[in-house]
Structure formats: C-alpha cells, structure tokens
Number of protein chains: 2
Amino acid sequence: MSTPAPGVSSAAALSKSQQAYEWIRAQIVAGSFGAGYRLVLTDLADQLSMSVVPIREAIRQLTAEGLVTFERNVGARVARVDAEQYRWAMQVISVVESAATALASRHLTPDDLRTAREINERLRAGVGDAAPRALSELNQEFHRTLYGPCPNPRMLELVQREWERLGAMRHSIFTAVPGRAAISVAEHDRLLDLIEAEAPLEEVEEAVRSHRVNALTAFLTSTRGA
Amino acid sequence: MSTPAPGVSSAAALSKSQQAYEWIRAQIVAGSFGAGYRLVLTDLADQLSMSVVPIREAIRQLTAEGLVTFERNVGARVARVDAEQYRWAMQVISVVESAATALASRHLTPDDLRTAREINERLRAGVGDAAPRALSELNQEFHRTLYGPCPNPRMLELVQREWERLGAMRHSIFTAVPGRAAISVAEHDRLLDLIEAEAPLEEVEEAVRSHRVNALTAFLTSTRGA
DNA sequence: AGACACGATTTCGTATACGATGCACGACCA
DNA sequence: TGGTCGTGCATCGTATACGAAATCGTGTCT
C-alpha cells in the first residue's frame with residue numbers, strides 16, 4: 001500500500017516509454033522542436049537519461065499519431081505541414097469540430113456559456129494588439145470551451161489530435177489576415193446566441209463550420225493571392 | 001544496384017517492426033485475433049521469427065491507432081468495442097464519412113457511379129440471403145466507392161481508421177436488424193440519384209449522414225429494446 | 001470450508017551490444 | 001577542374017540479457 005517512489009511526484013508511475021512520449025510530444029507542441037527538427041535517438045536518450053529503446057517506442061507512437069515523420073534507416077523528424085496538408089487538416093477540423101460543438105451544445109452549463117462570452121470579450125479587447133500568439137491561444141480556448149462538453153470522447157480526441165498535428169501552424173489562423181479577427185469575434189457572438197437560444201443542432205453545426213471555412217478561405221486567399 | 005534478397009519478394013524491404021505491424025494488424029482485421037485476444041510478446045516473436053523488440057514497437061503503433069489496448073506490466077490485447085464505444089465510433093463515422101462522400105461526389109466518374117449502382121443491385125439481390133458477412137462487405141464496398149475519390153486524404157484516413165477500429169463489429173450493422181437491409185438499399189438508390197443530379201453538397205452529406213444514423217438507431221433499438 | 005499469505009512462473013521493461021545502412025568527406029582519375 | 005569512387009563516421013535496426021512487476025497456484029491458518 002506504500003507509494004512506489006515517494007520522492008518522485010508521479011512521473012515514476014509512468015513507464016520510461018511513456019515519459020519519453022510525453023516529453024517529446026510536449027516539446028513539439030510547445031514549439032521547442034519545430035517542424036523538421038531531427039529526433040536523434042541517442043541525443044534524446046541522453047537528455048532523458050534512458051536508453052534508446054523507450055525513445056524508439058515513443059517515436060513509433062508519435063509517428064502513428066502523425067506528429068513526426070519517419071524514414072527507415074534515416075530517422076524521425078517533427079512533421080512538416082505544408083500548405084496542402086494544412087488545408088486538409090483544417091477541412092477535417094471544420095467538419096469534426098462543428099459536429100463536436102453541436103453535440104456539446106446541449107450539455108453546456110450557464111457557467112460554460114459565461115466563460116465563453118468572457119473569453120470572447122477578452123478577444124475583442126485584444127484584437128488590435130500585437131500579441132498574435134496569445135490571441136490565437138484565446139481563440140482556441142473559446143472553441144474548446146464550447147466543444148469540451150461533447151459527450152463523445154472519440155470525437156473530442158479527433159479534434160484535439162488534428163489541432164496538435166498542425167503544431168505551431170495552428171497559430172497562423174486567427175491573426176494572419178488583417179481584418180479577420182474582428183469578424184471572428186462577431187461570428188463567435190452569433191454562435192453563442194444560437195446556442196443560448198437552443199437553436200437546432202444543425203444550425204449550430206453549420207455556424208461553426210462556416211466560421212472555420214471562412215477563416216480558412218480568408219487565410220488562403222490572403223497568402224496565396226497576395 | 002542488386003536487390004538485397006532475391007528470394008524474398010518484397011517483404012524484406014520492410015523493417016521487421018513494419019512486418020510485425022502489418023501482420024498483427026492483418027490478423028486483427030481478418031478476425032483471427034478477436035476482441036480481447038492477448039498479444040503476448042514472446043509468442044508473437046516466435047511466430048514471426050524475430051525478437052521481441054520489433055513486436056513491441058508494432059504494438060505501440062497499434063495502440064496509438066486504437067486497435068489494441070495496453071496495460072503497463074500486463075500486456076496488450078485486441079481492443080474490445082463495447083456498445084457505448086460502438087455508438088461513439090458510428091457517430092464519428094456518420095460525420096466524417098458523409099463529409100468525405102460529399103467532397104468526393106464532384107470527383108466521381110460515370111464509371112464510379114455505374115460501379116456503385118451495380119454493387120447496390122447485388123445488395124438488393126442478396127437481401128434475403130443468409131450471408132450477412134458478404135452483404136456487409138458489399139455494403140462497405142458501396143460506400144467506399146462513393147467516398148474513395150475524396151480529394152482530402154486525411155479525411156479518407158479517418159474514415160478508414162474508424163471502420164477498422166470497429167473490427168469484427170462493423171459487420172453487425174447491415175444485417176443485424178431484419179427489415180433494415182432493404183431500407184438501406186433504397187436509401188442507397190436515393191443517394192446515387194442525388195449525386196447524379198449534382199445536388200448541393202450539403203444534401204449529399206445530409207443523405208449519407210442520415211443513412212448512417214438511421215442504421216445505427218435501428219440497430220440500437222433492436223438490440224437494446226428487445 | 002473459506003480466506004489469506006507466500007512462492008514459482010510468466011511476462012513485461014529497459015539496458016547493452018553489435019551488425020547494417022546511409023551520408024559526407026576526401027582522394028583519385030580523366 | 002570536374003566527376004566518380006571509396007572510406008569513415010553517424011545513426012539506425014535488432015538480438016540478447018537481466019531485473020521488475022504481475023499473476024497463478026498451493027499451502028496453511030482460522
């Protein structure tokens with residue numbers, strides 16, 4: 001009944017493979033390991049003070065999730081997301097996240113809605129600021145608040161994963177296009193109204209989806225057209 | 001410039017980890033390893049004439065994909081899909097497959113449509129038969145024909161994966177409910193008509209989604225209600 | 001008879017070792 | 001001088017080995 005290792009908070013409870021997985025993944029998500037970064041087994045093993053075996057397993061897992069690419073006898077590197085893949089991923093997100101939000105809408109507490117509105121106000125306040133990263137983070141949080149209560153865990157997982165796959169690139173959406181942020185905030189308002197009015201699920205879903213599609217096309221036209 | 005191992009067709013080109021992955025996965029998909037089957041490292045290693053290391057990596061990969069579950073210091077087993085997970089997965093499929101079908105509909109060749117109609121006729125002809133497995137396979141093929149040309153590979157991948165995750169259970173949909181198969185065939189016809197008439201993508205999507213939802217609710221009510 | 005404790009066995013987790021592969025650099029030849 | 005071939009190093013791929021955890025069976029005590 002005694003805790004296995006009192007000194008180590010809870011990390012020791014995980015296998016080294018899992019530790020490696022979590023750590024590498026954290027580095028990727030945080031951006032410390034940018035796209036294309038080479039994941040050399042021995043280096044990682046040294047950094048984490050373990051042998052290469054758990055590292056290899058972690059990398060396998062990350063490969064299966066699409067966060068890293070892998071080439072036989074060459075090695076792994078953090079996945080690059082080119083414009084095409086970006087579009088594909090965003091299309092997937094527009095579909096799955098909207099469905100998740102619709103499913104969640106009936107499970108949102110008044111508290112959730114209040115939180116969402118508050119986040120959106122903070123977004124509105126910060127639209128002019130030169131802190132794109134923070135705004136993008138807020139935007140993510142806004143949407144996560146709305147789809148979080150989705151009772152289908154599988155759907156939630158897909159949404160999360162897809163965002164993670166985009167890596168650092170996911171921050172280019174909200175702020176990349178000059179006038180877009182303000183429009184987004186307005187669309188957020190409308191979405192909240194719909195949910196609060198208990199609009200049909202299809203309408204909620206459609207609202208989220210078109211919100212995403214709008215943002216994506218705005219982004220694409222501004223980068224490609226310019 | 002010489003082929004590495006003339007005797008071995010092409011399997012030798014893959015790493016043992018990959019061989020193990022493919023093989024185990026094949027067993028699971030084919031049903032040889034049913035839900036709950038214990039994947040013991042040494043056994044698999046012996047069967048495939050390799051050490052346990054590649055096996056472990058393969059299992060990691062399969063775990064990440066959700067085909068097997070894993071418990072530390074206990075081992076891996078083929079994932080069980082209970083009724084709840086089944087519902088969740090089918091809900092995901094209804095969302096993603098319908099989107100994929102809609103996206104594919106503009107890329108379908110007359111040939112694809114002909115093929116789909118032909119498959120549906122074979123389905124119609126076999127509705128009464130006592131070969132549920134074959135019918136289910138045909139049903140899968142029908143839908144695959146329609147979403148296959150979807151230009152978004154990521155979306156396709158998600159659909160495929162989700163079906164695979166259901167494993168053997170995916171065969172219980174089409175034939176489990178007595179009257180359902182005939183209805184499905186009719187809905188297939190309607191779907192083909194919509195596509196051929198170049199109906200708006202939303203209508204195509206909605207048709208596929210409701211088709212899936214209908215099948216699911218029919219299945220759930222017949223199993224739970226009875 | 002039933003429950004608990006303890007030991008044997010199975011199986012997993014990780015380290016280490018060594019062969020295989022790819023890549024980069026430099027030498028050699030035309 | 002340019003290109004090609006060979007050599008060495010970095011890194012990956014897999015096998016083997018050993019310690020650790022869990023499970024199962026057995027014996028004992030109540």
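Note that this is a predicted model, so its numbers are computed, not measured. All chains are named by letter (A, B, ...) in the order of the sequence lines, taking the proteins before the strands, and each is independently numbered beginning at 1.
Partners of A:R38 under the salt bridge (Lys or Arg N to Asp or Glu O under 4.0 Å) rule, at least two apart in sequence or in another chain, do not exist in this structure. Under the rule for a ring pair (Phe, Tyr, Trp, His ring centres under 6.0 Å), the partners of A:F142 that lie at least two apart in sequence or sit in another chain are A:H188. Residues satisfying the ring pair (Phe, Tyr, Trp, His ring centres under 6.0 Å) test with B:F33, not counting sequence neighbours, are B:W23, B:Y37.
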Nucleotides 5-16 of chain D: protein proximity per nucleotide (B base, S sugar-phosphate only, - neither; heavy atom, under 4.0 Å): ------SSBBBB
Compile the donor-acceptor pairs under 3.5 Å between side chains in residues 102-115 of chain B and protein atoms, sequence neighbours left out, one pair per line.
residue, atom, partner, partner atom, Å
B:S105, OG, B:A102, O, 2.7
B:R106, NH2, B:A199, O, 3.0
B:T109, OG1, B:D111, N, 3.3
B:T109, OG1, B:D112, N, 3.0
B:T109, OG1, B:D112, OD2, 3.1
B:D111, OD1, B:R114, NH2, 2.7
B:D112, OD2, B:T109, N, 3.0
B:T115, OG1, B:D111, O, 2.8

Sequence neighbours left out, cut at 3.5 Å: what donor-acceptor pairs do the side chains of residues 152-167 of chain B make with other protein atoms?
residue, atom, partner, partner atom, Å
B:N152, OD1, B:R154, N, 3.0
B:N152, OD1, B:M155, N, 3.2
B:N152, ND2, A:W88, O, 3.1
B:N152, ND2, A:Q91, OE1, 2.8
B:R154, NE, A:E162, OE1, 3.2
B:R154, NE, A:E162, OE2, 2.8
B:R154, NH1, B:E157, OE2, 3.4
B:R154, NH2, A:E162, OE1, 2.9
B:E157, OE2, B:R161, NH2, 3.4
B:Q160, OE1, B:Y147, OH, 3.3
B:R161, NH2, A:A64, O, 3.4
B:E162, OE1, A:R154, NE, 3.2
B:E162, OE1, A:R154, NH2, 2.9
B:E162, OE2, A:R154, NE, 2.8
B:W163, NE1, B:E97, OE1, 3.1
B:E164, OE1, B:R25, NH2, 2.5
B:E164, OE2, B:R25, NH2, 2.8

